[in-house]
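What follows is a single structure, written as structure tokens, with notes after it.
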Amino acid sequence: KQEVTQIPAALSVPEGENLVLNCSFTDSAIYNLQWFRQDPGKGLTSLLLIQSSQREQTSGRLNASLDKSSGRSTLYIAASQPGDSATYLCAVTVYKLSFGAGTTVTVRA
Amino acid sequence: GAGVSQSPRYKVAKRGQDVALRCDPISGHVSLFWYQQALGQGPEFLTYFQNEAQLDKSGLPSDRFFAERPEGSVSTLKIQRTQQEDSAVYLCASSLALGTQSTDTQYFGPGTRLTVL
């Protein structure tokens, strides 16, 4: 069974600092890896999708890397802002998604 | 355009009651998924439909849980004789294709928060 782990579970940083969120998974037979954002009481918003053949994906201040052979992904958020405060979830796909428990981020103004 | 919608957004049930949760996927999306998210946890897969066919129900926690998608569009998740451990947010997601391509993205609804007293 696929196991997805996210470290740290929570993170608090001052505004402007860069964020580094880690995700590891046990089975490398995946189609892709996605990073999602979840705000309290809301659904999931897809941030980045990295195909299994790709090494990284970028969108604005967000950059995600994927090392499938070692079962790791890292999400970088540059120059954090208070609006980045949310829970970030990574998920690996084999048609269905297997999620980590998330990293809850607080960016202090 | 319209996204995935779910209703009701909130449901309170007494232990032993039956509940029905509805999901309206994005029009034309072939694949539909249900996930259960307990407080402080990531979502856990429940079941998967490809059009009207339920191809995977391995995540349903017990035979009290039943899902259907009779016309390949709207789906209903039914929970019979609810228990306190069923309290969670139930998320629905849809995908345009079969979910087997590396580019496939699942689009999530806002979820239904079920509280069983």
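Chain letters run A, B, ... following the sequence lines, proteins first, then strands; residues in each count from 1.
Both A:Leu47 and A:Phe25 are part of a single hydrophobic cluster, where members link through side-chain heavy atoms under 4.5 Å apart. No single ILVMFWY cluster, assembled from side-chain heavy atoms under 4.5 Å apart, contains both A:Leu66 and A:Tyr76. A chain of hydrophobic side-chain contacts below 4.5 Å, direct or via other Ile, Leu, Val, Met, Phe, Trp or Tyr residues, connects A:Val13 to A:Ile77. Put simply, B:Val4 and A:Leu49 are part of two different groups of oily side chains (I, L, V, M, F, W, Y) that touch within less than 4.5 Å, one to the next. Linking ILVMFWY residues whenever their side-chain heavy atoms come closer than 4.5 Å, directly or via other members, leaves B:Leu91 and B:Phe49 in distinct clusters.
A:Phe99 is listed as a side-chain neighbour of B:Tyr35, based on a closest heavy-atom distance under 4.5 Å. Within the 4.5 Å cutoff, the side chain of B:Phe45 has heavy atoms near those of the A:Lys96 side chain.
Atom CG of B:Leu39 is surrounded by 12 or fewer heavy atoms from other residues, nucleotides or ligands within 6.0 Å. Within 6.0 Å of the CZ atom in A:Arg61, the count of heavy atoms belonging to other residues, nucleotides or ligands exceeds 12. The number of heavy atoms from other shown groups lying within 6.0 Å of CZ (B:Arg15) does not exceed 12.
Close approach to chain A, defined as a heavy atom under 4.5 Å from one of its heavy atoms, is seen in no residue of residues 68-83 of chain B. By a heavy-atom distance cut of under 4.5 Å, B:Asp56, B:Ser58 are the residues of residues 54-64 of chain B near chain A, going up by number.
Every residue two or more places apart in sequence or in another chain that forms a side chain to side chain contact (heavy atoms under 4.5 Å, CB included) with A:Thr58 is listed here: A:Asn63.
How far CG of A:Leu44 is from CD of B:Gln106: 10.0 Å, rounded to the nearest 0.5 Å.
Of the two parts of B:Tyr107, neither the backbone nor the side chain holds a non-hydrogen atom closer than 4.5 Å to a non-hydrogen atom of chain A. Contacts between A:Leu89 and chain B at a heavy-atom distance below 4.5 Å involve the side chain alone, from C-beta outward.
Residues in residues 37-46 of chain A take part in these side chain to side chain donor-acceptor pair (under 3.5 Å) pairs, two or more places apart or across chains: A:Gln34-A:Ser46, A:Arg37-A:Asp39, A:Gln38-B:Gln37.
The distance between the ring centers of A:Phe36 and B:Phe108 falls below 6.0 angstrom.
Heavy-atom pairs under 4.5 Å with chain A peak, among B:Pro43, B:Gly111, B:Gly42, at B:Pro43.
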